[in-house]
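In what follows, a single structure is set out as structure tokens and then discussed.
Per chain, numbering begins at 1; letters A, B, ... match sequence-line order.
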Protein chains: 2
Amino acid sequence: MKRKITLKQIARELDVSISTVSKALRNSIEISEDTREKVQAFAKLYNYRPNNIALSLKNRKTKTIGVIIPEIVHHFFSKVIRGIELVANKRGYNVIVGLSNESFDKEVINMQMLANGSIDGFILSISKETLQQQDYHHFKETISQGMPIVMFDRVVNEINCDKVIIDDLKGSKNAVNKLLANGCKNVAIITTKDYVSVGKLRTQGYLEALDDYKMSPKADLILKVDDALVSEDHLASLELEIEALFKKNNAIDGVFAVNELYAIIAMKVARNLGMKIPEDIQFIGFTDGVLSKHATPSLTTVNQHGQEMGEKAAGLLIDNLERDDEEEHYQTIIIETELVERNSTK
Amino acid sequence: MKRKITLKQIARELDVSISTVSKALRNSIEISEDTREKVQAFAKLYNYRPNNIALSLKNRKTKTIGVIIPEIVHHFFSKVIRGIELVANKRGYNVIVGLSNESFDKEVINMQMLANGSIDGFILSISKETLQQQDYHHFKETISQGMPIVMFDRVVNEINCDKVIIDDLKGSKNAVNKLLANGCKNVAIITTKDYVSVGKLRTQGYLEALDDYKMSPKADLILKVDDALVSEDHLASLELEIEALFKKNNAIDGVFAVNELYAIIAMKVARNLGMKIPEDIQFIGFTDGVLSKHATPSLTTVNQHGQEMGEKAAGLLIDNLERDDEEEHYQTIIIETELVERNSTK
DNA sequence: TTGTAGGCGTTATCAT
DNA sequence: ATGATAACGCCTACAA
């Protein structure tokens with residue numbers, strides 16, 4: 001077992017000084033052709049690579065990005081990570097991932113662990129619990145210590161930093177418009193409680209679309225799911241809620257859901273109730289994932305372009321890290337959504 | 001903007017030496033009650049945290065784990081990461097993720113980037129291209145440099161290291177047995193080319209199950225998909241292949257697919273051909289993901305317990321890292337699979 | 001052309 | 001009880 005070789009060892013073997021080795025390897029003209037070749041050959045033979053940690057300490061930057069997301073077993077977030085990783089690697093950065101698991105405490109702890117020198121900056125999406133508690137001190141502290149943050153998707157106005165979001169309002173408005181244009185008279189929405197900013201905005205888009213069609217919203221067409229209760233394993237209660245929704249208002253002929261899972265489950269319930277899709281009732285979901293594509297019928301969705309979000313976020317962060325001037329000039333990039341029409345709509 | 005504070009700054013402010021500060025903070029009894037309190041108060045005020053990078057350099061360990069996976073937008077792999085992250089964090093480690101994107105070169109480059117001091121050990125699943133080329137020198141080198149590797153799922157005999165796998169053979173044999181026990185007389189298999197070890201083993205399980213039932217395999221019941229061609233966006237060709245399979249042999253009354261996507265697509269094709277599931281034809285897939293659970297009908301699958309794999313892999317790696325004795329004693333943990341019965345089987 | 005020394009932030013050992 | 005020094009691995013300004 002040959003441990004990783006260091007400059008010091010090479011220097012000793014070749015009987016020169018460490019700095020000579022260092023310079024030789026970086027092809028400095030200070031060093032004679034002779035020694036340069038000798039050193040380089042030796043280094044190659046022993047497969048020398050500078051130690052990242054030492055470089056990080058010296059340069060006071062690690063060339064790694066910390067990513068904190070609420071959940072990784074999730075099509076959208078994993079797409080974002082893929083995007084981040086793509087441009088990070090291309091620009092010579094590594095990606096270190098922390099999961100908040102939608103918990104405030106884990107978010108804080110994870111950020112603390114990474115902020116102590118391990119990374120140069122954060123890319124993150126805020127956990128639900130944090131949004132609910134509206135406690136953002138950890139973000140503020142991190143930023144005030146000179147560590148940049150880029151937020152994506154679940155962002156918050158209180159924090160002044162770069163952001164990458166989609167136009168949730170416009171996206172959902174488009175979707176609901178589509179349903180209305182397709183002739184739906186009673187469009188229901190299945191959304192989340194309002195503390196999830198994106199849920200709130202998507203609900204608002206729904207309302208605006210109705211308004212454009214001179215329709216007034218009806219309370220019994222709006223289902224606000226408490227998704228703290230809807231874990232992967234407790235979807236049965238969601239089904240019941242949706243079933244109740246359909247039974248309470250049996251004129252429903254269109255459903256807009258703020259994520260694909262809600263839409264898929266709603267389709268299932270509708271089918272069980274004997275409705276034909278898309279003849280009797282049409283569905284559109286938010287967030288385009290595997291489920292949408294492979295459901296029967298395949299689901300029309302609003303594509304959030306997760307990978308692009310990740311790419312943009314990483315670009316923003318790295319630009320910031322590599323910018324010389326210290327001017328704070330934060331921007332918010334808005335990614336266009338796209339309605340992917342499939343077979344759940346006419 | 002107050003930059004992160006260091007021991008040196010605290011020392012200067014309090015007019016003591018650096019080592020006094022260091023000791024005071026670690027509650028050394030060498031330091032007087034007085035100074036200890038003074039230093040600790042000051043440190044707390046300025047929210048002092050030791051710099052991880054400096055610690056890493058000093059201790060020659062980073063307390064971070066490098067994970068290389070072929071793809072992250074994938075239910076199974078993201079579950080594994082979740083498992084890794086869970087136990088890593090619990091034991092004070094960070095997780096840094098690299099994606100090989102199924103490419104040999106990216107796998108090698110990613111490993112090189114991380115192996116230069118950034119991490120203490122690897123957890124990885126081999127890329128398809130690497131498996132195909134059978135070039136494992138980068139794993140060997142890494143290990144010979146004293147950096148431990150734990151492989152999961154896609155492993156290889158040539159490399160001597162800790163491994164976490166499932167019993168692919170037994171899992172698929174069970175699945176096919178189930179179909180046969182349910183009365184299927186013509187069970188087809190949709191699998192991958194043999195260079196993917198898991199595909200090969202799952203095919204073997206299929207054959208053994210048939211053998212147990214004194215059935216002989218028929219060539220026209222075996223579809224080996226070249227999944228280099230089956231990217232997310234080119235599934236149409238797969239559908240055609242499966243349709244051809246059904247048409248060539250219209251007695252098929254059971255299908256075993258080596259992943260859930262193949263199974264879902266096969267179900268779709270079957271339904272389009274007018275077959276009733278599970279009355280006319282039954283389906284079982286490998287790898288339990290969102291698709292299986294929410295398909296119509298829901299798909300019976302072999303659960304691989306991805307999260308548990310991740311947890312076990314991380315445990316194995318960290319145990320190894322923290323073990324004193326240098327004895328090489330590699331083990332292979334086999335995770336039990338589980339047949340999750342849903343509505344695609346009787 | 002080569003080498004020395006200092007520093008990145010921390011801890012441990014050995015003075016004082 | 002406190003402090004000076006060396007070391008982790010690297011780079012670089014400044015000698016020699």
**Q.** Between D:dA7 (P) and A:Lys8 (NZ): distance, integer Å
**A.** 7 Å
Q. Does D:dT2 have OP1 or OP2 sitting under 4.0 Å from an N or O in the side chain of B:Thr20?
A. no
Q. Between A:Arg3 (CZ) and D:dC8 (P), how many Å, whole number?
A. 13 Å
Q: For A:Thr35 and for B:Asn59, find the nucleotide of DNA chain C with the closest heavy atom, then tell me which residue's nucleotide is more 5'.
A: A:Thr35
Q: Tell me what A:Leu55 touches on the nucleic acid: a base, only sugar-phosphate, or nothing, going by heavy atoms under 4.0 Å.
A: sugar-phosphate
(Q) Between the side chains of A:Glu311 and A:Lys90, is the shortest nitrogen-to-carboxylate-oxygen separation below 4.0 Å, so that they form an ion pair? (A) no
Q) What's the CG-P distance between B:Asp15 and D:dA4, to the nearest Å? A) 11 Å
Q. Heavy atom of residues 23-30 of chain A under 4.0 Å from DNA chain D: which residues?
A. A:Lys23, A:Arg26
**Q.** A:Gln9 and A:Glu13 side chains, donor-acceptor separation under 3.5 Å
**A.** no
Q | Most 5' of B:Ala54 and B:Val21 on DNA chain D, judged by nearest nucleotide | A | B:Val21
**Q.** side-chain N/O B:Ser22 vs C:dT11 OP1/OP2, d < 4.0 Å
**A.** yes
Q.
Classify the ring geometry of A:His137 against A:Phe104: parallel below 30°, tilted from 30° to 60°, perpendicular beyond 60°.
A. tilted
(Q) If you only use heavy atoms from C-beta on, which nucleotide in C:dT2, C:dT4, C:dT10 is closest to the side chain of B:Ile18? (A) C:dT10
Q. Rounded to whole angstroms, how far apart are CD1 on B:Ile31 and P on D:dG3?
A. 8 Å
Q. What's the NZ-P distance between A:Lys61 and D:dC10, to the nearest Å?
A. 18 Å
Q: Verify the contact: side-chain N or O of A:Ser19 to OP1 or OP2 of C:dT2, cut-off strictly under 4.0 Å; return yes or no.
A: no
Q. Parallel, tilted or perpendicular for A:Phe76 and A:His74, by the 30°/60° rule?
A. perpendicular
(Q) Rounding to an integer number of Å, can you tell me how far B:Lys58 NZ sits from C:dT13 C1'? (A) 10 Å
**Q.** 5' precedence on DNA chain D between B:Arg36 and A:Pro50 (nearest-nucleotide basis)
**A.** B:Arg36
Q. Whole-Å distance between D:dC10 C1' and B:Ile53 CD1?
A. 13 Å
(Q) For a salt bridge (charged side-chain N to carboxylate O under 4.0 Å, His left out) check, start with the C-alpha distance between A:Glu71 and A:Lys128, then their side-chain angles and the critical distance, and finish with the verdict. (A) CA-CA 11 Å; A:Glu71 170 61 86; A:Lys128 278 180 193 157; over 6 Å; no
Q. Would B:Ser118 and A:Asn52 count as having a side-chain donor-acceptor pair, cut-off 3.5 Å?
A. yes
Q.
So, does B:Ser32 get its side chain near the phosphate of D:dT2, meaning an N or O under 4.0 Å from OP1 or OP2?
A. yes
Q. Does the pair A:Arg154/A:Glu102 count as a salt bridge with the N-to-O cut at 4.0 Å?
A. yes
Q.
Without decimals, in angstroms, what is the distance between B:Lys4 NZ and C:dC8 P?
A. 17 Å
Q | Check ion pair A:Arg91-A:Asp319 (N to O, under 4.0 angstrom) | A | yes
(Q) Check this one for me: any side-chain N or O of A:Tyr48 less than 4.0 Å away from OP1 or OP2 of D:dG9? (A) no
Q: Give one of base, sugar-phosphate or nothing for A:Ser56, where a contact means two heavy atoms less than 4.0 Å apart.
A: nothing
